[in-house]
Amino acid sequence: MSAPPIETVVVDGLALANELRAELAKRIAGHIEAGRRPPKLVVVLVGDDPASASYIKGKQRACARIGMDSAEHHLPASTSQKQLLDLIDTLNRDTGVDGILVQLPLPKGINANAVAEALDPAKDVDGLTPMNQGRLLLGEAGHRACTPLGVMEILRRNEIPLEGALAVVIGRSAIVGKPVSLLLQQANATVTMCHSRTRDLAGVCRQADIIVAAVGVPRLVQRDWVKPGAAVIDVGVSQVDGKLVGDVDTDGVCGVARIVTPHRRGVGPMTITLLLCNTLDAYEARLAG
Ligand code: GUN
């Protein structure tokens, strides 16, 4: 007899995000009542990538809804690295700015690592500076990247046990794969970091209590890759025939996984929320001197 199907929870990332945003709004209202200025996030967009422009608008809307100030610097695709670094230097020095986010990807000719190195780590609410990445590696306090934080918050709020769990992370980017692997390991999971050269990826995933797919291969993770009761987190986004799809066959894993995040209203709203959270933390750290 085969095991009965599992009732999979399809995580409503927007509902979770709204819970967290309500908590952040309360914290900000407390500061305003005490006569302080609101926290401020500055977003920098270079070039005209429509997806990036849309993400930035979403971030600014989210700021406004919780009472956080935001500003946008939209620079042309022809901007030189020096011009961008000069702007970052100005923003680093501006005491009215708490968080700075430079939207990725950057146009060819601008080195994203040089940009990350130029940011003041205290204002690096994306957790991308070498200082903050190093602090994560060392287990010291610092800003962590927002998507990895969002993934951890989804696991926590769905009461997925991490201690001793086998976690498989697919993808080794500096913005998701590597930092989420470290956060899972720091929460006492045993982590396997997989990538395009991993042998028998399906077999590795079948062992996993937690799968985090962040590789950008449409519907890579299939039903028969998932152990019954596993938590499946889909971070990937790709375009197929003009439609956005994730790294997980969401419908396929329903009935096998304990939870799955859909590619829409899944991790995305949590990423934005953790950006707000990092910015508010940066503001409060400035207040505390
Ligand atoms: N582009 C896609 N995701 C992100 C992100 O989390 N941060 C930045 N800066 N750019 C991105």
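All heavy atoms count here, side chains included; hydrogens, waters and symmetry mates do not. First listed ligand is number 1; within each ligand, the first listed atom is number 1.
- Heavy-atom contacts from other residues, nucleotides or ligands closer than 6.0 Å to CZ of R21 number more than 12.
- Under the side chain to side chain contact (heavy atoms under 4.5 Å, CB included) rule, T279 has a single partner from H143, K59, K40, M68, which is M68.
- At a threshold of 4.5 Å between non-hydrogen side-chain atoms, the residues L128 and L119 do not count as touching.
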Sub-3.5 Å pairs, protein N or O with ligand 1 N or O:
residue  : atom   : partner : partner atom : Å
ligand 1 : 1 (N)  : Q103    : NE2          : 3.2
ligand 1 : 1 (N)  : L104    : O            : 2.9
ligand 1 : 7 (N)  : D126    : OD1          : 3.3
ligand 1 : 7 (N)  : D126    : OD2          : 3.1
ligand 1 : 9 (N)  : V102    : O            : 2.8
ligand 1 : 9 (N)  : D126    : OD2          : 2.4
ligand 1 : 10 (N) : L104    : N            : 3.0

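- Linking ILVMFWY side-chain heavy atoms closer than 4.5 Å, directly or via other members, places V125 and I56 in a single hydrophobic cluster.
- Judged as a salt bridge (Lys or Arg N to Asp or Glu O under 4.0 Å), and not counting sequence neighbours, D124 has no contacts.
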(request) For R27 and D281, run salt bridge (charged side-chain N to carboxylate O under 4.0 Å, His left out): C-alpha distance rounded to whole Å, both residues' side-chain angles, the deciding distance at 0.1 Å, then the answer. (result) CA-CA 10 Å; R27 262 164 73 187; D281 286 346; 2.9 Å; yes
